Amino acid sequence: MKEFYSIAVDGPSGAGKSSLARRCAAAFGFIYVDTGAIYRSVGLAAYRKGIDRKDPEAVAAMLPELRINMAYDEKGEQRMYLNGEDVSREIRQPHISLCASEVSAIPQVRAYLLEMQRKFARENNVIMDGRDIGTVVLPDAQLKIFLTASPEARAQRRMLELKEKGMEQSYETVLEEIIERDRQDTQRETAPLREAEDAVRVDTSDINFEESFNLLCSVISEKLHIEKAEDKK
Ligand code: DC
């Protein structure tokens, strides 16, 4: 059986995980898997059905009715489908972030999504980003990165990101949401956000995107003994 590389990228929301992991995946010819999008799809489903996201039994009862699929478009962008509908944009709304955080605290939800994530990693070279990839989903990943930044730096970046998407929010609102999600994500009983013991910690508070990208590329090259696709030419 062919062995594939797995790179786990974990860290709090807004640390730049998705944009950096996406860019690194493109540079090394890996598939980028945004696992947060899967939790967001479950959060959206619960929201639409008016289910209390803090009621584990009610959320668990909804799971067998859901068809969640992940696909990649011609640009290599991950798309999420909920019962056949492309919900890739809708799951990015701020109120769905909170729904995602709530349902992700439910053990049945995590168990339900675990195999889907592992299967993907068994069949592809992946850079997978999330909260528990290095600790739970892919404990044998060849490289684990814990990507972090201060709440203030993350709020600034998230605000710009939302603005670009035409979803403007004040700095205070975004910062408050980030602090609340950090609290939920680190204090929940099931798979709380924590750094794997063997993870390489990268703090991007004081470095820009290009610097963070270059730093991650050198960590990947060094640990996995691989070169960026563009350097091979
Ligand atoms: O990365 P994100 O902001 O899109 O994630 C949305 C929510 O899903 C976030 O509150 C944490 C949760 N999540 C998780 O619990 N485990 C993952 N592997 C990915 C995301």
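The analysis underlying the following values was restricted to heavy atoms, covering all of them including side chains, and did not include hydrogens, waters or symmetry mates. The residues of the chain are indexed from 1 along the displayed sequence. Numbering of ligands and ligand atoms starts at 1, following listing order. Just so you know, these numbers come straight off a predicted model, no measurement behind them.
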| query | Of all the heavy atoms in Glu180, does at least one lie under 4.0 Å from an atom in ligand 1? | reply |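 The answer is no: ligand 1 sits nowhere under 4.0 Å from a heavy atom of Glu180.
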Can you tell me which residue and heavy atom of the protein come closest to [atom], and the distance to 0.1 Å?
atom	result
atom 12 (C) of ligand 1	Ser104 OG, 3.6 Å
atom 7 (C) of ligand 1	Ala100 CB, 3.8 Å
atom 20 (C) of ligand 1	Gly36 CA, 3.5 Å
atom 4 (O) of ligand 1	Arg40 NE, 2.6 Å
atom 8 (O) of ligand 1	Tyr39 CB, 3.6 Å

Give the atoms of ligand 1, by number and element, whose distance to some non-hydrogen atom of [X] is under 4.0 Å.
X	answer
Gly130	17 (C), 18 (N), 19 (C)
Ser101	10 (O)
Asp185	9 (C), 10 (O), 11 (C)

| message | Heavy-atom pairs closer than 4.0 Å: do any link ligand 1 to the side chain of Arg110, the backbone, both, or neither? | response |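 Looking at Arg110 and ligand 1, just side chain atoms fall under 4.0 Å.
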| field | Close N or O approach (Arg188, ligand 1; < 3.5 Å) | value |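 Yes; at least one N/O pair falls below 3.5 Å.
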| said: Going by the closest heavy atom to atom 18 (N) of ligand 1, which one wins out of Thr35, Val137, Ile38? | reply: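 Residue with the shortest heavy-atom distance to the ligand atom: Thr35.
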| query | Nearest non-hydrogen atom to atom 1 (O) of ligand 1 belongs to which of Glu102, Arg181, Arg131, Arg158? | reply |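 Closest candidate by heavy-atom distance is Arg131.
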Do NZ/NE/NH1/NH2 and the carboxylate oxygens of [X] and [Y] come within less than 4.0 Å?
X	Y	result
Asp182	Arg154	yes
Glu210	Arg23	yes
Asp34	Arg22	no

Any side-chain to backbone donor/acceptor pair from [X] onto [Y]? Under 3.5 Å, distance only.
X	Y	value
Asn125	Phe4	no
Asp10	Gly134	yes
Ser221	Ile226	yes

Side-chain donor/acceptor pairs under 3.5 Å, residues 53-63, sequence neighbours excluded:
unit_1 : atom_1 : unit_2 : atom_2 : d
Arg53  : NE     : Glu102 : OE1    : 3.4
Arg53  : NH1    : Ile51  : O      : 3.4
Asp55  : OD1    : Glu57  : N      : 3.1
Asp55  : OD1    : Ala58  : N      : 3.3

| task | Measure the spacing between CG of Leu20 and OG of Ser212 and express it to the nearest 0.5 Å. | result |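 Reported value, rounded in 0.5 Å steps: 5.5 Å.
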| query | Between atom OG of Ser205 and atom CD of Gln156, what is the distance when rounded to the nearest 0.5 Å? | reply |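 If we round to the nearest 0.5 Å, Ser205:OG and Gln156:CD are 12.0 Å apart.
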